[in-house]
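Numbers restart at 1 for each chain; the letters A, B, ... are given by sequence-line order, proteins then strands.
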Protein chains: 2
Amino acid sequence: MRQDTRQRILATAEELLLSRGFQGFSYHHIAERLDIRTAAVHYHFPTKADLGLALLQRYRERFRWWAWQLREQKVSPVGCLEHFITLERRLVEANRVCPLSVVCVELQGVSDEMSAAAQRLLDDALHWLEIVLESGREANLFHFDGSAAARALVVLVTLQGALQLARLNGIETFDAVRAQIRQDLGLPAIAPTGRVAS
Amino acid sequence: MRQDTRQRILATAEELLLSRGFQGFSYHHIAERLDIRTAAVHYHFPTKADLGLALLQRYRERFRWWAWQLREQKVSPVGCLEHFITLERRLVEANRVCPLSVVCVELQGVSDEMSAAAQRLLDDALHWLEIVLESGREANLFHFDGSAAARALVVLVTLQGALQLARLNGIETFDAVRAQIRQDLGLPAIAPTGRVAS
DNA sequence: GTCTATATAGAGATAGAC
DNA sequence: GTCTATCTCTATATAGAC
């Protein structure tokens, strides 16, 4: 019945991480929400650095699994991009930011292992996006100059920035940027394959 | 001799804010660096919210003065954009982030007044960039589709994202994005007006 | 695995002397 | 304006009972 406490801690901690930053939540916040004591949290994650690392690893595993699923379902490059943007948009709707943003802003306040885990997550995302863009270009779906790697980098940082500033400026900011990204990749204003999940 | 303590506090606090986040520094850190006591810091800024607000106001005033200078010197739109990018690049070099990033990530941990001040800074930056892009387009220096406001938004969020991820991924990330932004605005790979300050 | 209890340290903030 | 001294609260973490 109760190894799932660990999972509930992770889920709650992730919510807190993405809405308040790593330095903005404590074991007390987690324990309070789950109606347990802080000592129980320490049993599962002895130090906060352990918890932070676990959160980033979990996030990365989830991303890899998500990307693997899209591949299994043979989703088109355009569909992949749309799904990815939708993923980020959901964060905006939930008033959250991306864990990469948190680590970058609070870099001096997190352990080296945590920032290394963030680096791996970033590498995965960039690599995945590069493949999507390159295969989409080969299929004549996307149109852009330069290397797919360079374009993937620009798309990712643009989404990161939009995700973040949307918190101050409203979700219209995110949607405006999203439209621009599509246009810069040579897609029509409304994605032809559908899947522009709201 | 000693109203400049206030200025020294602001300068030190800004360094800490941009390198560690708002929740990542304390009055003790400031006092230690200036070799004064925390009570002296509280004299100038009774609460941390007061200090945070002052930091954002100061940042905004500096930006406005900086933009005004460029205008006085009749710097071309291309030069303005280059100067702006250089401004951000210096933050990367100093391993800092933008105050807007800090406020966005730690939004729940800052006062309403602080986030309102960040909003005003963002508005100023967007408005300034919009004018630069629009006047540059009229002078046939920039080439882009859509409104200047929409393009300004994309350029700004892209720089924000690059500034942030460069902290994890290295300054090459920032430079690659910078090159892409230039290209997307129809500029040659190397800016013709010079002023690509290193 | 979870609890109570507690240790330690740091943060934000105030009072009052100089 | 800046200091010493102190207060209160919170955060991280551990010990040991159940």
What is the separation between atom [atom1] on [X] and atom [atom2] on [N], rounded to the nearest whole Å?
X: A:Lys48; N: C:dG10; atom1: NZ; atom2: C1'; answer: 14 Å
X: A:Phe45; N: C:dG1; atom1: CZ; atom2: P; answer: 12 Å
X: A:Ile30; N: D:dA11; atom1: CD1; atom2: C1'; answer: 12 Å
X: A:Gln23; N: D:dT10; atom1: CD; atom2: C1'; answer: 15 Å
X: B:Ile36; N: C:dC18; atom1: CD1; atom2: P; answer: 21 Å
X: B:Leu34; N: D:dG1; atom1: CG; atom2: P; answer: 16 Å
X: A:Arg8; N: C:dG1; atom1: CZ; atom2: P; answer: 14 Å
X: B:Leu16; N: C:dG10; atom1: CG; atom2: C1'; answer: 16 Å

Residue-phosphate contact under 4.0 Å: [X] side-chain N/O, [N] OP1/OP2:
X: A:Tyr27; N: D:dT12; answer: no
X: A:Thr5; N: C:dT2; answer: yes
X: A:His44; N: C:dT2; answer: yes
X: A:Tyr43; N: C:dT2; answer: no
X: B:Arg37; N: D:dC3; answer: yes

Do B:His29 and B:Ser26 have a side chain donor and acceptor closer than 3.5 Å?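 Looking only at side-chain atoms, B:Ser26 and B:His29 do form a donor-acceptor pair, the distance falling under 3.5 Å.
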
Can a donor-acceptor pair be found between the side chains of B:Asp50 and B:Thr47 at a distance below 3.5 Å? yes

Any donor-acceptor pair under 3.5 Å joining the side chain of B:His42 to the base of C:dA13? yes

Tell me, yes or no, whether the heavy-atom count around B:Arg62 atom CZ, taken from other residues, nucleotides or ligands under 6.0 Å, exceeds 12. yes

Test side-chain contact (heavy atoms from CB on, under 4.5 Å) applied to B:Asp175 and B:Arg89, step by step: CA-CA 8 Å; B:Asp175 290 331; B:Arg89 193 178 193 278; 2.8 Å; yes

Evaluate the criterion ring-ring contact (aromatic ring centres under 6.0 Å, His included) for residue pair B:Trp68 and B:Trp128; output intermediate values, then yes/no. CA-CA 10 Å; B:Trp68 179 84; B:Trp128 175 81; over 10 Å; no

A:Ala39 has a side chain; which of D:dA15, C:dA11, D:dA13 sits nearest to it? D:dA15

